[in-house]
**Q** 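I am attaching a structure below and will ask some questions about it afterwards.
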Amino acid sequence: MKVLLTGGPTREYLDPVRYITNRSSGKMAKALIGVLLKRKHKVTAVLGPCGVKCPKSVKTVNVETARQMKNSVMKEAEHADAVIMCAAVADYTPVKVSAVKIKKSDDILRVRMKRTPDILFCLGRKYGKKKVIAGFAAETDKIEENALRKLRDKKCDMIVANKVGEKGAGFDSSMMNAALFFREGGKNHFGKISKNRLGYIIVREIERLRQTKNK
Ligand code: CTP
């Protein structure tokens, strides 16, 4: 398969020296890239700033903002059989980006923010019938309810729910407290699992989903 994968966070600039971002180490994306290559898939990675170094065989596109990520993903997705949205995309971006450094003045600084494009939603709407689309859901609570809502609203085939705030798993860790939910029905709770092992399970599921879409 040709697989497009995103990873890392996005940065939404306030001025030339400050940005708003999400927590994301890129470790899950790195694990997925490793498994995809081992299983002989052709990989394109659109990465936010996370320091993940891809092997030469991976077409790598480095981006910063959610808008840039959307433009690259929608372009690269045309050639893909499957897309994995692993990136922690910022949901809001400042309405105005100051061209010069904002100087401190009042005690309180108010920043007006506007929604960023929902890339997974756009992918689901455009390619949901033809390509395998997998998303992630970072949740602190109501894991299943939120994951199922994202699965339905964003029209994807699979959601990997990531329970954040657990000791010994999650951000910066090699482990994740994870569960998979499928559009066709069915779920699989893993509890704490290594990101490498989870990457293998996700890729095997995507291979299976590709077979059923091809029929
Ligand atoms: N996502 C996206 N574009 C965005 C925000 C999120 O493509 N602007 C994708 C993520 O890459 C992930 C999925 O949507 O695959 C769910 O992301 P998450 O942050 O868990 O949820 P949100 O949709 O942002 O919803 P909320 O923050 O309200 O939980």
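We number each residue from 1, following the sequence as shown. Both ligands and their constituent atoms are indexed starting at 1 by order of listing.
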**Q** Which of the atoms of ligand 1 are close to A137, meaning less than 4.0 Å from one of its heavy atoms?
**A**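 The list of qualifying atoms is 20 (O).
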**Q** Give the intermediate values and the outcome of side-chain contact (heavy atoms from CB on, under 4.5 Å) for residues H189 and E144.
**A** CA-CA 10 Å; H189 287 268; E144 180 156 353; 4.0 Å; yes
**Q** Which pairs count as ring-ring contact (aromatic ring centres under 6.0 Å, His included) when at least one residue sits in residues 10-44, sequence neighbours excluded?
**A**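 Those involving residues 10-44 are Y13-Y19.
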**Q** I'd like to know if A138 contacts ligand 1, where contact means a heavy-atom distance under 4.0 Å to any ligand atom.
**A**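 Right, A138 reaches ligand 1.
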**Q** May I ask you to identify the nearest protein heavy atom to atom 7 (O) of ligand 1, giving residue, atom name and distance to one decimal place in Å?
**A**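 Looking at atom 7 (O) of ligand 1, the protein heavy atom closest to it is L120 N, 2.8 Å.
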**Q** Below 4.0 angstrom from a heavy atom of G135, which ligand 1 atoms are there? Numbered from 1 as shown, please.
**A**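 Within the 4.0 Å cut-off of G135, ligand 1 contributes 15 (O).
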**Q** Quick check: does A88 get an N/O under 3.5 Å from an N/O on ligand 1?
**A**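 No - when backbone and side-chain N and O of A88 are compared with those of ligand 1, no distance drops under 3.5 Å.
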**Q** Quick one: nearest non-hydrogen protein atom to atom 27 (O) of ligand 1, plus distance?
**A**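 Sorting protein heavy atoms by distance from atom 27 (O) of ligand 1 puts D91 OD2, 2.9 Å first.
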**Q** If only atom types and distance count, is the side chain of T116 paired as donor or acceptor with the main-chain N or O of D91 below 3.5 Å?
**A**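 Checked: pair present.
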**Q** Can you confirm whether K154 sits close enough to D118 that some side-chain heavy atom of one is under 4.5 Å from a side-chain heavy atom of the other?
**A**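 They are in side-chain contact.
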**Q** Any donor-acceptor pair under 3.5 Å linking the side chain of T6 with the backbone of C86?
**A**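 Yes.
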**Q** Mark whether atom 19 (O) of ligand 1 lies under 4.0 angstrom from at least one protein heavy atom.
**A**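 No, there is none.
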**Q** Write out the residue and atom name of the closest protein heavy atom to atom 6 (C) of ligand 1, then the distance separating them to 0.1 Å.
**A**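 Heavy-atom neighbour on the protein nearest atom 6 (C) of ligand 1: K154 NZ, 3.9 Å.
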**Q** Applying side-chain hydrogen bond (donor to acceptor under 3.5 Å, both in side chains), name anything that partners N22, two or more places apart in sequence or on another chain.
**A**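 Once residues adjacent in sequence are excluded, N22 has no partner under the side-chain hydrogen bond (donor to acceptor under 3.5 Å, both in side chains) criterion.
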**Q** Given V89, V83, N22, identify the one with the heavy atom nearest to atom 4 (C) of ligand 1.
**A**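 Heavy atom nearest to atom 4 (C) of ligand 1 belongs to V89.
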**Q** Hey, quick one: are I206 and F190 part of the same hydrophobic cluster, counting side-chain heavy atoms closer than 4.5 Å, chains of contacts allowed?
**A**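 Cluster IDs for I206 and F190 match.
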**Q** Any idea which protein heavy atom is nearest atom 17 (O) of ligand 1, and the distance to it?
**A**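 For atom 17 (O) of ligand 1, the nearest protein heavy atom is F136 O, 3.7 Å.
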**Q** By number and element, which atoms of ligand 1 are closer than 4.0 Å to a non-hydrogen atom of P117?
**A**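 It comes down to these atoms of ligand 1: 3 (N), 4 (C), 8 (N).
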**Q** What protein heavy atom is closest to atom 21 (O) of ligand 1, reported as residue, atom name and distance in Å?
**A**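 It is K150 NZ, 2.9 Å.
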**Q** For ligand 1, is there an N or O atom under 3.5 Å from any N or O atom of C86?
**A**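 No, no N or O pair falls under 3.5 Å.
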**Q** I need the atoms of ligand 1 closer than 4.0 Å to a non-hydrogen atom of T116, numbered in the order shown.
**A**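 In order of number, 8 (N).
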**Q** Taking the side chain as C-beta and beyond, is there a heavy-atom pair between L14 and S98 under 4.5 Å?
**A**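 SC-SC contact between L14 and S98 ruled out.
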**Q** At what distance is the nearest protein heavy atom to atom 3 (N) of ligand 1, and which residue and atom is it?
**A**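 Of the protein heavy atoms, I119 N, 3.0 Å lies nearest.
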**Q** Below 4.0 angstrom, N of the basic side chain to O of the carboxylate: do R208 and E184 qualify?
**A**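 Here R208 pairs with E184 in a salt bridge, since their nearest N and O are under 4.0 Å apart.
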**Q** Is it true that V132 and V35 fall in one hydrophobic cluster, defined by side-chain heavy atoms closer than 4.5 Å?
**A**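 Shared cluster, yes.
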**Q** What is the nearest protein non-hydrogen atom to atom 10 (C) of ligand 1, stated with its residue, atom name and distance?
**A**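 Closest protein heavy atom to atom 10 (C) of ligand 1: A87 O, 3.5 Å.
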